[in-house]
Amino acid sequence: MLDNNQLLRFTTAGSVDDGKSTLIGRLLYDSKSIFEDQLEAIESSSKRKGHDGVDLALFTDGLRDEREQGITIDVAYRYFTTPKRKFIIADTPGHIQYTRNMVTGASTANAALILVDARHGVVEQTRRHAFIASLLQIPHIIVCINKMDLVDFKEETYNNVLSQFEEFSSKLLVKDVRFIPMSALLGDNVVNQSENMPWYKGASLLHTLETMHISSDINKVDARFPVQTVLRPQREGFIDYRGYAGRVSSGVFRKGDEVTIMPSGFTSKIKTIDVYDKQIDEAFAPMSVSITLEDDIDVSRGDMLVRSNNKPEASQDIEVMLCWLNNSPSRPRNKYSIFHTTNQQKAMIKEIVYKIDINSLNRKEVQVELKMNEIAKVKLRTTRPLMVDSYRKNRSTGSIILVDDATNETVAAGMIV
């Protein structure tokens, strides 16, 4: 039985006019996740434009109007709930110049919906989005083969697109790929099963999203607890209380477990795990808790509690797949602030090993600087050791961001190799 409080985040990607807006509109409309006043506004707007029914794309097109007024929205988020699950949709722009936006929207996603126009098959943009989804280690990819109504719902067309994508994706590190033929415009296989494609025996998109197993997406093996703050209430009943508050990044912590505090290397045992006004026996990702230790050890923000027999690597030299997010290019050997879990310190780009051509996916060697939307493998040097895991092993402790101290802008996001 599924927990209806379980949250699934998914991102949508596709070329222009693949029907992304229509698909999101259909998902919200058929799952009855639209407020009545919203629906009335869209219906009247559709009539003004001369449409017979509701123009589903208008559910997200309001954002484009905002952009035309000079308001920038990098990633549009939509929220909806069904009796089985809660959802957050990150609607990311599909153009090559918005690579950074897709990286931002997809970084926390459990699943990626990649839209393919049934008439055109797998195009360059499809490959680009699949590559970024693979790079970000999104556990589940759903290939939505859309506009099947324009190819007479032919199974042969669906099979052709499927084989095209499988041939390409075999080179990528993707665990779970599913294919759904659909018509977002007519609603086939979006929320309701299609009667026009009896040859397709799989589930509709919504049913797939509702039943997809995501509990195993969180790393439950490597126990990591970055300390966010130290709690010293200094009030009656808590005079000697010293708790280390934060969010469990991965793994499970239990009362009595032996833990090592990094980077100091001191060990102790967990005395209590507190949530609000009660104690619990165990904490697991992504719970926010306060942990007290049996020994009085100097622990502060940026330190990490880990299992003594399972430690992350402590290193000042780290290799990272970096996506450059800023208009200004990177400056060789310039110092940036690096943020990793709750740890903040200084870092510089020592070397750009290679860039990835986002169109051909080939490597380009020997580069001096990174420009906006470029993705590259780089070597970073930090002022003090960071406690890191590879991004593939642990998305939480394997990711970093770089911030320009002069402008306070986030200039890059990276995945530790």
Side-chain angles (χ1 to χ4, degrees), residues 10-31 33 51 53-61 64 76 78 80 87 89-95 98 102 105-106 109 111-130 132-133 138 140-169 174 176-210 212:
F10 65 92
T11 183
T12 58
S15 300
V16 183
D17 295 331
D18 273 353
K20 215 151 43 93
S21 297
T22 306
L23 175 62
I24 294 171
R26 173 62 70 187
L27 205 51
L28 298 172
Y29 183 70
D30 282 6
S31 64
S33 301
H51 296 294
V54 178
D55 183 358
L56 298 165
L58 293 174
F59 288 124
T60 55
D61 278 357
R64 296 199 188 114
R78 286 277 178 275
F80 75 103
F87 299 94
I89 310 170
D91 182 18
T92 59
H95 306 72
Y98 297 123
M102 186 180 170
L113 270 56
I114 298 178
L115 268 78
V116 177
D117 189 321
R119 298 169 300 173
H120 305 141
V122 173
V123 294
E124 185 182 279
Q125 197 78 323
T126 315
R127 289 194 287 272
R128 186 181 303 127
H129 292 149
I132 292 172
I138 297 176
H140 312 279
I141 290 179
I142 303 172
V143 182
C144 302
I145 302 169
N146 193 26
K147 304 195 177 183
M148 287 297 292
D149 52 310
L150 300 181
V151 293
D152 300 324
F153 301 103
K154 286 180 184 167
E155 185 179 6
E156 183 188 352
T157 307
Y158 165 76
N159 288 333
N160 286 341
V161 177
L162 190 146
S163 58
Q164 282 173 25
F165 192 91
E166 281 186 334
E167 184 185 348
F168 163 73
S169 67
V174 183
D176 175 27
V177 183
R178 309 177 193 206
F179 299 87
I180 302 176
M182 64 177 61
S183 166
L185 186 67
L186 302 179
D188 291 79
N189 284 337
V190 179
V191 170
N192 304 311
Q193 204 77 20
S194 171
E195 293 178 3
N196 294 307
M197 291 178 275
W199 44 265
Y200 174 69
K201 306 301 181 190
S204 68
L205 175 61
L206 184 62
H207 186 266
T208 302
L209 292 169
E210 283 182 331
M212 183 178 280

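- Summarising the geometry of Ala118 relative to Val151, their closest heavy-atom pair is CB-CG2, 4.0 Å, with the distance given to 0.1 Å.
- Summarising the geometry, atom CG belonging to Asn146 is positioned 7.5 Å from atom SG belonging to Cys144; distances are rounded to the nearest 0.5 Å.
- For the pair Ala109 and Phe10, the tightest heavy-atom approach, listed with the atom from each and the gap, is CB-CA, 4.3 Å.
- Under the 3.5 Å distance criterion, the side-chain polar atoms of Gln164 are matched with a main-chain donor or acceptor of Val122.
- Heavy atoms only, all atoms of each residue included: Met102 and Ala13 are closest at CE-CB, 3.9 Å.
- Looking at heavy atoms from C-beta onward, Val143 lies in side-chain contact with Val177 at the 4.5 angstrom threshold.
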Inset, instruction - Take Thr11 and Leu113 through the test side-chain contact (heavy atoms from CB on, under 4.5 Å) and record every step on the way to the result. - result: CA-CA 6 Å; Thr11 183; Leu113 270 56; over 6 Å; no
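- Residue Leu23 holds its CG atom at 5.5 Å from CG of Leu115, rounded to the nearest 0.5 Å.
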Inset, instruction - Would you please test Ile145 and Ile180 for side-chain contact (heavy atoms from CB on, under 4.5 Å) and show each step? - result: CA-CA 6 Å; Ile145 302 169; Ile180 302 176; over 6 Å; no
Inset, instruction - May I have the step-by-step check of side-chain contact (heavy atoms from CB on, under 4.5 Å) for Ile24 and Ile89, ending in yes or no? - result: CA-CA 8 Å; Ile24 294 171; Ile89 310 170; 4.0 Å; yes
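- At least one donor-acceptor pair closer than 3.5 Å links the side chain of Arg26 to the backbone N or O of Ala184.
- Checked by atom type and distance alone, the side chain of Asp152 never pairs as donor or acceptor with a backbone atom of Lys154 at under 3.5 Å.
- The pair Asp176-Arg178 meets the salt-bridge criterion, since a charged nitrogen lies less than 4.0 angstrom from a carboxylate oxygen.
- To the nearest 0.5 Å, atoms CH2 (Trp199) and OG (Ser194) are separated by 8.0 Å.
- Taken to the nearest 0.5 Å, the CE atom of Met148 stands 12.0 Å off from the CG atom of Leu186.
- Two residues are said to be in side-chain contact when any heavy atoms from C-beta on lie closer than 4.5 Å; Phe87 and Arg78 fail this criterion.
- Expressed to the nearest 0.5 Å, how far OG1 of Thr208 lies from NE2 of His140 amounts to 11.5 Å.
- Once rounded to the nearest 0.5 Å, the distance linking CG of Asp149 with CE of Met182 reads 12.0 Å.
- For Phe179 and Tyr158, the ring centers sit 6.0 Å or farther from each other.
- Proximity of a side-chain donor or acceptor of Thr12 to a complementary backbone N or O of Lys20 within less than 3.5 Å is not detected.
- Counting all heavy atoms, side chain and backbone alike, Gly121 lies closest to Val116 at O-CG1, 3.2 Å.
- In this structure the side chain of Leu205 reaches within 4.5 angstrom of the side chain of Leu27, judged on heavy atoms.
- Taking 4.5 Å as the limit, every side-chain heavy atom of Glu155 sits out of range of all side-chain heavy atoms of Met197.
- For the residue pair Asn189 and Ser204, no side-chain donor N or O sits within less than 3.5 Å of a side-chain acceptor on the partner.
- Residues Asn160 and Glu156 form a side-chain contact, since some pair of their non-hydrogen atoms from C-beta on lies under 4.5 Å apart.
- Here the closest heavy-atom approach between residue Ala112 and residue Ile138 is recorded as N-CG2, 3.7 Å.
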